[in-house]
Structure formats: structure tokens, C-alpha cells
J.: 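I have a structure here, written as C-alpha cells, and I will follow up with some questions on it.
Worth saying up front: this structure is predicted, and the values here are computed from it rather than measured. Read the numbers this way: they start at 1 and go in the same order the structure lists the ligands and their atoms.
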Amino acid sequence: MYWNQKFECLPREELKQLQLERLKMTVERAFHNVPHYRRTMQEVGIEPDDIQSLEDLRKLPFTTKDDLRDNYPYGMFAAPLSEIVRIHSSSGTTGKPTVVGYTRNDINVWAELMARALVSGGATRKDIIQNAYGYGLFTGGLGVHYGAERLGASVIPISGGNTKRQVLIMKDCGSTVLTCTPSYSLYIAEVMNEMGIDPEKDIKLKCGIFGAEPWSDNMRQEIEKKLGINAIDIYGLSEVIGPGVAVECLEKNGLHVAEDHFIVEVIDPQTGEPLPEGEMGELVFTSLTKEGLPVIRYRTRDIASITTEPCPCGRTNARMSRVSGRTDDMLIIRGVNVFPSQIESVLLEIGYTEPHYLLIVDRENNLDTLTVLVEVSSKLFADEVRKLEHLGKKIQGAIETALGISVRVKLVEPKTIERSEGKAKRVIDKRKY
Ligand code: DLL
């Protein structure tokens, strides 16, 4: 099922032609309307007319989050405020947040892309979409909302939080699609269980479209099992447009990038050099149709790979792999690069644990330490201590093999690690304080 078959299945040659036309317009717009872009292009001696092929994109300088911060709040807008109809802001856990602006046309494109994403994940206009992404400055809530309305589904704008009410609404209103962060979907499943509600009998949910934070394939299986649904990965970021930049199809073999609206590149985060298909590196996006905040070669810090191999679903757009982590989430522990997602995969493979964990990094006698707090499943916790000791050792051994560094594992009682209603916090790095 497609939402816009023509553009989702455009032959790649035609797609490239369309991208080039749109790229030229974007560069033109950025150069003339945004002093930052004009200055950085002049610094490398490039004028909009120099962009004659898609390869010429590589002549253009990168844009970073710092560039957006330095031009806070409106300095990167390419349209006057009188044409901006919506403002969002990215989460910004450190320093100044970034502010993003949308013209009426941008909101229209975003709604189209989100309708496309929902259909790609299996939603139809007959569905009841319970939208538990936070509404507000975060792009998750309103982004999904507009897409769901564009699709013609019935959207329940419940936002995040108040988890018991989520479950009651899900049951009483017969929600068929859940949209929220993957970690929150597991919390909903847990509360459902506590309330004695059986996902098989009492709930009509058939699929979930989850994103906004990294998650592993093992976590997908856990969610699918606990909620009895099909779980689909959706990706996006505020600076580029919000959710809907890329989404899985029902093949679940990568996320199709909406390439008629964005050019995606993968670069080596250290050198900035482009990497070949299939290699993991930093994702870089260039918007092709945005008016309010066009972005040129925006460095996401997200790590993934890209393939243009045909997909059995018939869509011709390139697919990105799951985001395995962010360059700035990467922990360097005793010189070794560690991503929280690697530890998540190990934990879920071993079983007997709940998919809730916390990594605590510290420094003792000038040596980094990594402690992994893991919740044990309630059944096992009631059991003997001997079994717990065995499990702890097993987890420790598996993580040490996966990462190549020594770790401490602390098993904790069920429901003691804080649950999130939005993006989960998996790491406390005490070395930074
Ligand atoms: O998280 C937009 C969004 C909302 C995406 C709802 C999907 C669903 P930001 O708050 O600007 O926007 O955060 C963007 O979140 O750079 C990634 O690091 C991370 N992220 C988003 N989707 C995924 C995903 C929204 N599917 C940042 N897998 C991005 C892994 C993701 N990480």
C-alpha cells in the first residue's frame, strides 16, 4: 500500500533529475535569503550557478547544530516571519535549543510525508491512531497528528503521559495504531499488564509506529510480543522537518528516505568524506522543498548506513539502516567506543531481564568504569539468589565479549529504573559532572 505511489516508486533516474532541480532552487533560496549560507558559500567560492549536478552538492559546506544555535532563534530562516505559520524547537538537552520554522507549504509537505509514513507502516484511513508522542514544541505530536488527519484516520491526540489513561482509552476507544517512542510503548505494555488488561483480548491494537530514539531489533521483538502488534521504525529530526524523513515499510528491512524531499549522504564523522553504500557513518541531509528553514548538508550526528538496492515493496527510495546511535551518545570508555544500543541487544538476547536498563559511567583512580543496571523479570526475582548470581555473571560475560571491556552488572528489582514517557535516558555519565 502506498500513499503517493508516483513519488514513492519513481524510477531512480527521474528521481535524480527531480532532486537536481529542487536542489538548485534550495541553494538559490538559501544563498539569497540566509546570510549564514551566503557567507559560508562565498568562503569556499561557490555561487548557486555552480550547482549543475547532484555531485556538485559535495562542494557545499556542511551545516551543524552549532550553526543553528549561533543563529538562534530566527537567523537561519529563509522566509520572513510573516510567512512562518508554525515554530517548533528541538529538545536541546545541552545548551541553547534550536528553533525551526515552517511556512504553510512546509506544513503541507510534512503532513503529506507523515501520511506516507503512516501508510508505509500499515495504517489506513479506517484506523484509530492513538498519538502518544508529546504535543508541544517537540515535533512528534503535531507531526504525526497532521499526517493522521491527512490520511483520514481518526486521531486521538492523547500526547505522552498518564499511562493508565492511555490504556483505558486504548481499550474503550478501540485504538488500532499506537504512535510513541519505543521505550514508552514498553511502559504502556507494563501498565496494561498491571491493570490486568490482556492485549490479545481487550485491545484492538495492530501496529505501532515508533521512533524519536534509537532502539534495537531485539527491542522490536519484545514490543511485538508484549503488545501483540507489528512494530515499525520511523525516523526524523526537527531541523530536517520532524518525523517522516524516513520510515520502514512492512518488509522491515530499512527505512525508506523521502528522497523527493531530502538528499541523504553518509559521511565519515571524523574526516567528512563521503562513504560508500552499506558503510556505517554519519547521516547528512539536504532539504529540497523546505521554505522556512532549508538545510544544506545538515550533519545529524546519527549513525546509519544507506542502500539503494531495490526493496520488494516496490518503493525506489534509498533505505537507511536503523540508527545505531549518535556520535555524541557514543561513550568512550577506556578508549573503546561503546553505544548503548550494543548493550541493549545483549540484554534482550539473554532474556530473563526487562528491557529497562541504565548505564552509569564513572571514573575511579583515573580509570573509567561502566556499571550496567539491569532489571530482572519479576518471575526470576522471586526465585533464589543463586539463579540471580548466575544471570548476573552471564550478562557480564556477554557484554564483555560484545564490547571488549570489563563491566560491572548490577541486577535490580523490577520497576526500579525510571520509566520515560518520551525519549528514554539510558546513560548517566558522571565523568562529565
Ligand atoms: O525525534 C522527531 C521524531 C518524532 C522522529 C517522532 C520520530 C518520531 P528531535 O527531537 O529533533 O526529533 O530528535 C531527533 O532523535 O537526530 C535521532 O538522534 C533521534 N531519532 C529520531 N528518530 C529515531 C529513530 C524527533 N527512529 C533525533 N531511531 C535524531 C533512532 C531516532 N533515533
Side-chain angles (χ1 to χ4, degrees), residues 63-65 68-69 87-94 96-102 110 113-114 116-118 120-121 123 129-148 159-160 177-185 208-217 219-220 223 231-248 252 254-258 262 264 269 280 282-285 293 295 298-305 319-330 339-341 344-345 420-427:
T63 307
T64 63
K65 198 164 184 113
L68 297 191
R69 285 196 177 127
I87 287 167
H88 280 284
S89 165
S90 82
S91 18
T93 36
T94 51
K96 264 191 229 168
T98 51
V99 167
V100 298
Y102 302 75
W110 190 17
L113 290 182
M114 265 315 304
R116 200 190 273 192
L118 291 167
S120 174
I129 301 181
Q130 181 158 339
N131 186 19
Y133 284 115
Y135 279 65
L137 285 175
F138 175 53
T139 51
L142 283 169
V144 172
H145 185 103
Y146 272 59
S159 194
V177 176
L178 174 64
T179 51
C180 61
T181 57
S183 56
Y184 190 46
S185 78
I209 299 177
F210 303 123
E213 64 186 8
W215 52 311
S216 59
D217 231 18
M219 181 138 157
R220 184 207 308 268
I223 295 171
I232 295 289
D233 193 2
I234 182 168
Y235 170 85
L237 59 166
S238 331
E239 295 83 355
V240 174
I241 204 163
V245 175
V247 68
E248 283 181 325
K252 298 199 267 195
L255 294 84
H256 289 279
V257 178
F262 311 103
V264 59
M280 297 292 273
E282 181 178 346
L283 294 173
V284 171
F285 286 97
L293 183 84
V295 284
Y298 183 70
R299 292 188 62 157
T300 62
R301 302 182 183 178
D302 292 326
I303 295 173
S305 65
R319 282 168 290 145
M320 55 181 254
S321 65
R322 267 179 186 290
V323 171
S324 62
R326 291 174 57 82
T327 50
D328 46 4
D329 269 358
M330 187 178 78
F339 287 102
S341 57
E344 177 180 301
S345 277
S420 81
E421 293 166 353
K423 296 181 194 246
K425 184 160 173 50
R426 305 286 197 196
V427 181

J.: Measure across Y133 and G140 and return the closest heavy-atom pair with its distance rounded to 0.1 Å.
T.: CB-C, 3.5 Å
J.: Are the side chain of K423 and the backbone of K425 linked by a donor-acceptor contact shorter than 3.5 Å?
T.: no
J.: Would you say Y146 has more than 12 foreign heavy atoms packed within less than 6.0 Å of its OH?
T.: no
J.: Compute the shortest N/O to N/O distance between W215 and ligand 1 and return yes if it is under 3.5 Å, no if not.
T.: no
J.: Less than 3.5 Å between some nitrogen or oxygen of A212 and one of ligand 1, yes or no?
T.: yes
J.: Just let me know how L237 lines up against ligand 1, side chain, backbone, both or neither, with a heavy-atom cut-off below 4.0 Å.
T.: both
J.: Run the numbers for me: atoms of ligand 1, each under 4.0 Å from some heavy atom of D302, listed by number.
T.: 16 (O), 17 (C), 18 (O), 29 (C)
J.: Regarding E282 and T327, do their side chains bring together a donor and an acceptor under 3.5 Å, going by distance alone?
T.: no
J.: Does S324 form a side chain to side chain donor-acceptor pair (under 3.5 Å) with S341? I'd like the steps, not just the answer.
T.: CA-CA 6 Å; S324 62; S341 57; 5.3 Å; no
J.: Below 3.5 angstrom, do we get any N/O pair linking S238 and ligand 1?
T.: yes
J.: For ligand 1 and Y133, I'd like to know whether there is a polar contact (N/O to N/O, distance under 3.5 Å).
T.: no
J.: Are P269 and R299 close enough that some pair of their side-chain heavy atoms sits under 4.5 Å apart?
T.: yes
J.: Please confirm whether R322 comes under 4.0 Å of ligand 1, counting heavy atoms of the residue only.
T.: no
J.: Is it the side chain, the backbone, both or neither of E213 that has a heavy atom closer than 4.0 Å to ligand 1?
T.: backbone
J.: Kindly confirm or rule out an N or O of R326 lying under 3.5 angstrom from an N or O of ligand 1.
T.: yes
J.: Are any of the side-chain heavy atoms of T139 and Y102 separated by less than 4.5 Å?
T.: yes
J.: For atom 25 (C) of ligand 1, which of the options G140, G236, A246 provides the nearest non-hydrogen atom?
T.: G236
J.: Enumerate the atoms of ligand 1 whose separation from the nearest heavy atom of T139 is less than 4.0 angstrom.
T.: 2 (C), 12 (O)
J.: Hey, does S238 have a side-chain heavy atom less than 4.5 Å from the side chain of F138?
T.: no
